[in-house]
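Notes follow the structure.
Values in this document were obtained by computation on a predicted structure and should not be read as measured data. Positions are given from 1, in the same order as the sequence printed here.
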Amino acid sequence: MEVQGNKNADVQNEDSGTTANGRRIAVNAAVTYARSLIALVLGLFSARWVLAALGAVDFGLYAVVGSMMAFVSFFGGVLGISVARHYAFAVGGGSQKDLAAWCAAACRIHFVLALLLTAIAWPMGEWCVRNVMVMPQDRLVACLWTFRLALVTLFVTVASVPFNAMYIAHQRFGKLAAFGLAQTAVMFCGAWWLRGAGCDRLIAYAGYMTLAFAGVAAAQTVGVLIEFPVCRHPLAAVGTGGRIRSLLSFAGWSVFGTGGWIVGTHGSAFVTNRFFGAAANAAYGVSTQVQYHTEALANALVGAFEPAVTSQEGAGKRDMSVQLACRAGFFGATLLALFALPLAMELSTVLALWLEKPPAYAAQVCTIMLCAAVLNKLTMGQQLALNACGQIAGWQVSVGLGQAVMLPIAAAIAFCGGGVVSAAIAAATAMATCAALNVWFGWRRAGLGVGLWLRAVVAPFVAVVGLAALAGALPRLSMGSGFLRVCATSCATSLVFAGAAGAWWWLNRRPR
């Protein structure tokens, strides 16, 4: 009887922990989602003002400079993934001493990396601006100052990664949302001011972006130092040597995956610039804005799941980790499709209402990139599970190569007359390849079976999107194109998504 009572108590404790964990994920997702929704609304207005203030050429030049910075800053982002993963694993294990040692190792790596990246990127970037980029000659000085201001952002954001990851590992998404809203507010105010600025608007915009990203990152670092004592004395911690090697090893393999994406995606911006000029980059600049804001809403939920998935793995609960990863994959893809589907169905009208005079080919590029983003989100569960278990070597190498081929494919399509959409077609091709690799490695390395993924993610997603597409097509039968049809299409698809996703959540509200 005593053994049976202990078993019942263990089951009750596990159920209580599961319920609390699910409630925490739901609250974190709601907070982050609300912040992302506000950022979406403000970002749409900001992008319109920025495009109108800068013009297609300067807007395209800023997009190219941003791509250059992505080449050198991705090392910090890759290490950030490694840091967040090891923090969450330590939180799952429950040792504050272990967490402090991981924080010390991460701080030492990122400070040195920030210095190295800045020192290397400065001369290389200026050489690229002067000798590689295609631009009107009178915009050279403005582009150089835009790049230099971006270097400030690079240094601060890379150095602050170990501190920001502490909020993620402890699932303090409310505070992350507050800092995110502060960043959005600065960017929104800057875009409003830019419309009537009398100075060089490209340099002014770069300055405001530096304030938004670097300034908020610095403030967030101060907040972490106040709240978490384990971060205050990174140089005093001992036993960091092995942890530095572990962080660099995990990040080293991640370099292949992230580096391939950087080479393919941002290298394609240079392909577009070389073949079609700076004005053609404006279409990709608009596409980046649309994709960023729509994906941010889906990432709100995925981000809430990520530390929970890793913490469960750290606590030795692989089955729970896999089930949470599946839920993240379904809801991440569904939330992205919630916005991407009606947007794609009415994209030409939306862009005309939003930007008045959208860049040429913007609608085609946006549609292709949104489809590729949805495909990627369908395998987000595999990506979270693989990061949680730590067996990422073969997966990252394969995915990195799959994404890197995007660059030569884009160049080949452009050379053969594919036009401005060449890079977008190459991106969709590479993304399909990487999705297949995610599924295979998720099955072989993280225990997320293909059958489970098809049942728990793909089948309900296809059913929901199919019903939503049918509902969204109905307004087209009786209404002409315009604002009212956009609203009708959005409402019709949203009702289907809300009902179907709610039903799926009710049926799967507790892991089996």
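- Interatomic distance, Leu375 CG to Cys371 SG, rounded to the nearest 0.5 Å: 9.0 Å.
- The CG atom of Leu202 sits 3.5 Å away from the OG1 atom of Thr146 when rounded to the nearest 0.5 Å.
- Leu452 is listed as a side-chain neighbour of Cys326, based on a closest heavy-atom distance under 4.5 Å.
- Of all heavy-atom pairs between Val374 and Ala340, the closest is CG2-CB, 4.2 Å.
- In this structure, OG1 in Thr157 is found 9.5 Å from CG in Leu117, a value given to the nearest 0.5 Å.
- Summarising the local packing, CH2 of Trp193 is surrounded by more than 12 heavy atoms from other residues, nucleotides or ligands at distances under 6.0 Å.
- For the pair Met209/Thr153, no side-chain contact is recorded, criterion being any heavy-atom separation below 4.5 Å from C-beta on.
- Two residues are said to be in side-chain contact when any heavy atoms from C-beta on lie closer than 4.5 Å; Leu384 and Met380 meet this criterion.
- Within the 3.5 Å criterion, the main-chain N or O of Asn387 finds a donor-acceptor partner in the side chain of Arg85.
- Taking CG from Leu149 and CH2 from Trp145, the interatomic distance works out to 7.5 Å, rounded to the nearest 0.5 Å.
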Contacts under 3.5 angstrom, residues 219-231 side chains, donor-acceptor by atom type, not counting sequence neighbours:
{"unit_1": "Gln220", "atom_1": "NE2", "unit_2": "Asn164", "atom_2": "OD1", "d": "3.3"}
{"unit_1": "Thr221", "atom_1": "OG1", "unit_2": "Ala217", "atom_2": "O", "d": "3.0"}
{"unit_1": "Glu227", "atom_1": "OE1", "unit_2": "Lys175", "atom_2": "NZ", "d": "2.5"}
{"unit_1": "Glu227", "atom_1": "OE2", "unit_2": "Arg172", "atom_2": "NH1", "d": "2.1"}
{"unit_1": "Glu227", "atom_1": "OE2", "unit_2": "Lys175", "atom_2": "NZ", "d": "3.1"}

Apply side chain to side chain contact (heavy atoms under 4.5 Å, CB included) to the pair Trp395 and Trp440, showing each step before the final yes or no.
CA-CA 9 Å; Trp395 167 55; Trp440 193 84; over 6 Å; no
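- By the 4.5 Å heavy-atom criterion applied to side chains, Arg108 and Pro162 are not counted as neighbours.
- When all heavy atoms of Ala426 and Ile409 are compared, the pair lying nearest together is CB-CG2, 3.6 Å.
- For the atom pair Gln383 CD and Leu448 CG, the distance stands at 11.5 Å (nearest 0.5 Å).
- Looking at every heavy atom in both residues, Ala428 comes nearest to Ile368 through CB-CG2, 3.9 Å.
- Using a 4.5 Å heavy-atom threshold, the side chains of Tyr208 and Met187 count as separate.
- Nearest approach of Leu386 to Gly442, heavy atoms of both residues: CD1-N, 3.9 Å.
- Aromatic rings from Tyr205 and Tyr62 are positioned such that their centres are separated by under 6.0 Å.
- Taking the six-membered ring where the residue is Trp, Phe155 and Phe111 present perpendicular rings, their angle passing 60° and hence far from 30°.
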Side chain to side chain contact (heavy atoms under 4.5 Å, CB included) evaluation trace for Leu144 with Phe147
CA-CA 5 Å; Leu144 287 172; Phe147 174 74; 5.8 Å; no
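- The pair Asp58-Arg201 does not meet the salt-bridge criterion, since no charged nitrogen lies less than 4.0 angstrom from a carboxylate oxygen.
- Across Ala388 and Val309, no two heavy atoms sit closer than the pair CB-CG1, 3.9 Å.
- Phe461 and Ala333 make their closest contact through CE1-O, 3.4 Å (heavy atoms, listed as atom of the first residue, atom of the second, distance).
- Using a distance-only test at 3.5 Å, with no hydrogens or angles considered, no donor-acceptor pair links the side chain of Thr379 to the main chain of Asn438.
- When side chains are defined from C-beta on, Ser246 counts as touching Trp102, because their heavy atoms get closer than 4.5 Å.
- The CG atom of Leu54 sits 14.0 Å away from the CH2 atom of Trp49 when rounded to the nearest 0.5 Å.
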Take Ser46 and Trp192 through the test side chain to side chain contact (heavy atoms under 4.5 Å, CB included) and record every step on the way to the result.
CA-CA 7 Å; Ser46 299; Trp192 172 265; over 6 Å; no
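- With contacts defined as side-chain heavy-atom distances shorter than 4.5 Å, the pair Leu247/His86 qualifies.
- The shortest side-chain heavy-atom distance between Val129 and Arg148 does not fall under the 4.5 Å cut-off.
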Side chain to side chain contact (heavy atoms under 4.5 Å, CB included) between Phe213 and Leu154, worked out:
CA-CA 9 Å; Phe213 285 96; Leu154 168 69; over 6 Å; no
